[in-house]
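Have a look at the structure below before the remarks.
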Amino acid sequence: MESTMKELREGAPVLEPKSNVGGGVEDVYGEDRATEDQFVTSWALSVASGVSLLRDPRYKKGLAFTERERDAHYLRGLLPPTVASQHLQEKKLLHNLRQYQLPLQKYIAIMDLRERNERLFYKLLIDNVEELLPLVYTPTVGEACQKYASIFRRPEGLFISLKERGKVLEALKNWPERSIQVVIVTDGERILGLGDLGCQGMGIPVGKLALYTALGGVRPSACLPVTIDVGTNNEDLLKDEFYIGLRQRRTTGQEYADLLHEFMNAVKQNYGEEVLLQFEDFANHNAFKLLAKYGTTHLVFNDDIQGTAAVVLAGLLAALKVAGGSLADHTFLFFGAGEAGTGIAELIALEMSKQAEASVEETRKNIWLVDSKAHRHEPVEDLLTAVKALKPTILIGSAGVGRAFTKEVIETMTSYIDRPLIMALSNPTSKSDGSPFHLVEYNSRVFVPGQANNAYVFPGFGLGLVISGSLRVHDQMLLAALEALASQVSPEDFEKGLIYPPLRNIRKISAQVAANVAEVDYDLGLATRLPRPGNVVEYAES
Ligand SMILES: O=C([O-])CC(=O)C(=O)O
Ligand SMILES: [Mg+2]
């Protein structure tokens, strides 16, 4: 068995060293040693051949097994005679996928592929990122979470519920991978703009981690999706006979804090100080607190607060290259003061203070936030009133309410500024203005709506932390990441009216983001992977 494994790992026919899907050739993850010092585990690392190999999603290649491999791995007779290339397999899958009418059917098909043939899944995703991103990720992943119970087939991550209190470390040890580098965790209370989906939020960490691999090059086995289940306040789910989570209302207060604390410490204990913990889709009241509480003891990152902020500010900086002027020349109005709105506002204030050498208290004065929960009137009325009163030149939508940027709002803005900058960010499509848009033709000119997609930053940002062995996240790293992103917008992109680079270049962009982040890690003395690489961009790309 051992020799079969070696051949699979090191033999050129299986692990094509040049493939950007296969990852590195060196086993830095120590999987080959996984069973050496632990004779009894809750799981066994076995190496497949024959029919088991055909069922192992990590090594399975289907018809792409060569004649030599069919001999070496006891596959004779188990496959039809044709040897197909991965390229042909990809072509067939894409063709099949396009036959489905509904995005959710496509989602199910592509996630099934991941369970069958991991390499092909990632290859397909990398090569067709613009087409497939909206499936694996927002907006379709939102619908998948809403219907998670009925489409649930097999666990794709770790479920830590109140039942696991006192046993969280044990649960982590049951996960069959030991060399984890990135954990994405949600408690399902604020899934995209869809609200409390309880345990069904699992689709989010699963989808985002797939992007860590496809877009950021982090090895799949090093990624761990986690859902913390403390109950749900979603009455529909509590009544749904197929619901897969705890059937109780959400626990709050000490009990909540204790479970989270046990989890945070167990992760660090089990995977080390350098494991990145990304918080995703927690409700406002927990998200800010958790980030502040664990920011000093763990390597934590909240994509909804920090990642969104970096992506949006990158877009603003790129837009200013066209519009002229600097951040300090503008008045900002945010519609929605949740994690995204406040996160972006704070980062803008920080960047402005850096540019203008002013205090953050001073630079915050040009930034206004409107939130539905802070007013008695209808949100839309409030927005228009606010626009008239404050005359913002930059308007950013970050509320869970769609269709708020009415014609009247836009016309009001154009009455006092020629080219207002307006970013509609809320997602997914059912709740928003801000998901992927079709091309727009106006006066026989075609406009390409871009998308301020979080995927521009978080995979590269996380990669930068991972490759430098960072111990803590620092705001300077966010600024470094967004500057890298803004610098990737080409003159041709600007020509088309775009303020973000095309997503098809995302792996190159991620490497640039990662390198900029890693440089700051080294500069601040937070990096543990020493010596510092000579060429960090090349290192990130490798
Ligand atoms: O889909 C995204 O990346 C934006 C996001 O995290 C959210 O809305 O919660
Ligand atoms: Mg999120």
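This one's a predicted model, so the numbers in the text were calculated from it and none came from an experiment. For the single chain, residues carry numbers from 1 onward in sequence order. Both counts, for ligands and for their atoms, begin at 1 and track the order of listing.
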For this session: Please say whether more than 12 non-hydrogen atoms of neighbouring residues, nucleotides or ligands are located less than 6.0 Å from OH in Tyr100.
Result: no
Exercise. Is the shortest distance from a heavy atom of Glu339 to ligand 1 less than 4.0 Å?
Worked result: no
Problem set entry | Check ion pair Asp240-Arg247 (N to O, under 4.0 angstrom) | no
For this session: Report the residue from Leu209, Asp303, Val185 that forms a side-chain contact (heavy atoms from CB on, under 4.5 Å) with Gln278.
Result: Asp303
Exercise. Taking everything shown except Trp368 itself, do over 12 heavy atoms lie less than 6.0 Å from its CH2?
Worked result: no
Exercise. Which residue owns the protein heavy atom closest to atom 5 (C) of ligand 1, what's the atom, and how far is it?
Worked result: Asp304 OD1, 3.3 Å
For this session: Look at atom NZ of Lys163 and say whether more than 12 heavy atoms of other residues, nucleotides or ligands are closer to it than 6.0 Å.
Result: no
Exercise. If we only count heavy atoms from C-beta on, is the Phe279 to Ile305 side-chain gap below 4.5 Å?
Worked result: no
Problem set entry | Any Val489 side-chain heavy atom under 4.5 Å of Pro501 side chain | yes
Problem set entry | Any Ile204 side-chain heavy atom under 4.5 Å of Leu197 side chain | no
Seminar exercise, completed: Protein N/O/S atoms closer than 2.8 Å to the Mg ion (ligand 2) number 3
For this session: Decide whether an N or O pair under 3.5 Å exists between Thr138 and ligand 1.
Result: no
For this session: Let me see the working for Glu115 and Arg153 under salt bridge (Lys or Arg N to Asp or Glu O under 4.0 Å), right down to the final yes or no.
Result: CA-CA 10 Å; Glu115 289 293 329; Arg153 295 178 191 209; over 6 Å; no
Problem set entry | Where ligand 1 meets Arg190 - atom numbers and elements under 4.0 angstrom, heavy-atom basis | 7 (C), 8 (O), 9 (O)
Exercise. In ligand 1, which numbered atoms sit nearer than 4.0 Å to a non-hydrogen atom of Asn454?
Worked result: 2 (C), 3 (O), 4 (C), 6 (O)
Problem set entry | Proximity to ligand 1 by part of Thr308, non-hydrogen separation under 4.0 Å | neither
Exercise. Which one holds for Phe458 and ligand 1: side chain close, backbone close, both close, or neither close, with close meaning a heavy atom under 4.0 Å?
Worked result: neither
Exercise. To which protein heavy atom is atom 3 (O) of ligand 1 closest, and what is the distance rounded to 0.1 Å?
Worked result: Tyr137 OH, 2.3 Å
Exercise. By number and element, which atoms of ligand 1 are closer than 4.0 Å to a non-hydrogen atom of Leu192?
Worked result: 1 (O), 7 (C), 8 (O), 9 (O)
For this session: Enumerate the atoms of ligand 1 whose separation from the nearest heavy atom of Asn427 is less than 4.0 angstrom.
Result: 4 (C), 7 (C), 8 (O)
Exercise. Hey, does Arg364 have a side-chain heavy atom less than 4.5 Å from the side chain of Glu346?
Worked result: yes
Exercise. Charged N to carboxylate O below 4.0 Å: is that the case for Glu143 and Lys147?
Worked result: yes
